[in-house]
Every structure is written in structure tokens, then in C-alpha cells.
Enquirer: 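Sending over a structure as C-alpha cells; questions will come in a sec.
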Amino acid sequence: TPYRLSPWSRGLGIGHYIVIACGLAMDATAVCLGTAATGRARGGRAAFRLVFHFGLFQMLMPLVGWVLGRGLVGVFHTIDHWLAFGLLAFVGGRMIIAGLRHHDDEQPRSDPSRGWSLIALSVATSVDALAVGLGLAVLDIAIWLPCLLIGVITAAMSWGGLALGGVLHAKWGNRMEVGGGVLLMLIGLQILVSHLRG
């Protein structure tokens, strides 16, 4: 079929999957870094929620895309970048507004590791993984190993992002609030621009 680019494309090895997983994990890692740097997600439980959900969504999204199959590849590629941009812009905008309003800890700030913010971030950082699943289905490649590697590597890199963000927060404090929100919006913009450029 025209979708099968070459015999090599159907024989991807673990090394290829690791490279793909690292690429997909970059958005989640950057979000974790920005979230921890603002001091919004504090403590082991908040870190666990972020790492667990980011890893879980990144693991499940390729499976969802693979199940959907080649029929929806064109349809999904017309909206995935807008979805990611909208979700990240929304959460990032909230962080920026909160940072401009509160310059100290007088009032509690929302925790992005809970509720709808957590779901929005998890979906926004994993829509590319859904597209990868669609691509693997088109190439008739087994999905279980890629899903597992993507999930585990995303969780590990997200944890690293949280650790680095915690160091930045300890050094710069609440001044990272606006910066974290801007970072989320820039990630969303980068996703949008890269997809629009093809």
C-alpha cells in the first residue's frame, strides 16, 4: 500500500522506539520543569501524580491511535496541534494571571497536579503519541513494546524535569510563576507551529 514507506519502516528496533519515546517525552518533561519551578506542585504526592499521569497517558495514547487505525490519520492530523496548543495555552494563561496577581504566598495557588488541570496537561502532552500510534498501525507494527517504552521513558524524564524545576524554584522562588506559564504557552505554540509547517 502507499502507506508502507519501506521494508525497514516495518522493522523498527528497540533503539528506534527509545528515540521516539524520548522525543515524545520532551513536552511532558518541560511541563514538569515549569510546574515544579513555579512551586505549584509541591511534595511527593504531587510529583507522583504528574509523573504517573504523564507516563500513563503517553503509554495509552499510542494504543488508542493504533486501535483507531489508518482511517482517521488525516482527520486527526488536522486538529491534534490545535488541541495541544489550546490546552497548554489555557493552563499556562492561568499560571501567568496568578503570578501577576500574587507575588507572595498570601493566597493558595491552584495545583496543576489535581483535577482538570492535570487531565488537560496529560492530554496536551500526549496527543503526539496518539498520532504515533496511528502511524504504527499504518505501518502494521506491533504496538505493545512501543507503548511500554514510551510510558516508562516519559515517566522517568518527567521525574527529572520535576527535580530540576525544584532546584530552580528554590533559587528563584515565586518569580518563576509567570515564567512557568510562559513556558507552557511556548510549548503549545511550538507544537502548533511545527505541525502547521508540516
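The structure displayed is predicted, hence computed values, not measured ones.
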Enquirer: R45: which residues meet the salt bridge (Lys or Arg N to Asp or Glu O under 4.0 Å) condition with it, sequence neighbours left out?
Expert: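 Salt bridge (Lys or Arg N to Asp or Glu O under 4.0 Å) check on R45 returns nothing, list empty.
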Enquirer: P146 versus I20: any side-chain heavy-atom pair under 4.5 Å?
Expert: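 P146 does not reach I20 side chain to side chain.
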Enquirer: Mind jotting down which residue pairs meet the side-chain hydrogen bond (donor to acceptor under 3.5 Å, both in side chains) criterion with at least one end in residues 145-167? Sequence neighbours excluded, please.
Expert: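 Residue pairs with at least one partner in residues 145-167: there are none.
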Enquirer: About how many Å separate CZ of R49 and CZ of F54, when rounded to the nearest 0.5 Å?
Expert: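 Between F54 CZ and R49 CZ, I get 12.0 Å after rounding to 0.5 Å.
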Enquirer: Group every Ile, Leu, Val, Met, Phe, Trp and Tyr by side-chain heavy-atom contacts under 4.5 Å, then state whether V19 and L149 land in the same group.
Expert: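 Unlinked, V19 and L149 end up in two clusters.
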Enquirer: Do M59 and V132 share a hydrophobic cluster, counting only Ile, Leu, Val, Met, Phe, Trp and Tyr and linking them when any side-chain heavy atoms are less than 4.5 Å apart?
Expert: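 No, it is not one cluster - the side chains of M59 and V132 are not joined through contacts under 4.5 Å.
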Enquirer: Begin with the C-alpha distance, continue with both residues' side-chain angles, and end with the deciding distance and a verdict on side chain to side chain contact (heavy atoms under 4.5 Å, CB included) for T125 and F57.
Expert: CA-CA 9 Å; T125 56; F57 272 69; over 6 Å; no
Enquirer: What's the separation between atom CD1 in I153 and atom CG in L148, rounded to the nearest 0.5 Å?
Expert: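 Going from CD1 on I153 over to CG on L148, the span is 9.0 Å.
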Enquirer: Rounded to the nearest 0.5 Å, how far does CZ of F52 lie from CG of L118?
Expert: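 So the gap between those two atoms works out to 10.0 Å.
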Enquirer: Do you reckon L60 sits in the same ILVMFWY cluster as I119, going by side-chain contacts under 4.5 Å, direct or chained?
Expert: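 L60 and I119: separate clusters.
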Enquirer: Are L24 and V67 connected into the same hydrophobic cluster when the rule is that any two of I, L, V, M, F, W, Y join if their side-chain heavy atoms are below 4.5 Å apart?
Expert: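 Yes, same cluster.
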Enquirer: Look up atom CD in Q58 and atom OG in S122, then write down how far apart they are to the nearest 0.5 Å.
Expert: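 These two atoms lie 9.5 Å from each other.
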Enquirer: Same cluster or not: V152 versus L50, using hydrophobic residues (I, L, V, M, F, W, Y) connected whenever any side-chain heavy atoms lie under 4.5 Å apart?
Expert: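 In one cluster: no.
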Enquirer: Are the side chains of W144 and L63 in touch, meaning some heavy atoms are under 4.5 Å apart?
Expert: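 Of all side-chain heavy-atom pairs linking L63 with W144, at least one is under 4.5 Å.
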Enquirer: About how many Å separate CG of D27 and SG of C32, when rounded to the nearest 0.5 Å?
Expert: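 The SG atom of C32 sits 11.0 Å away from the CG atom of D27.
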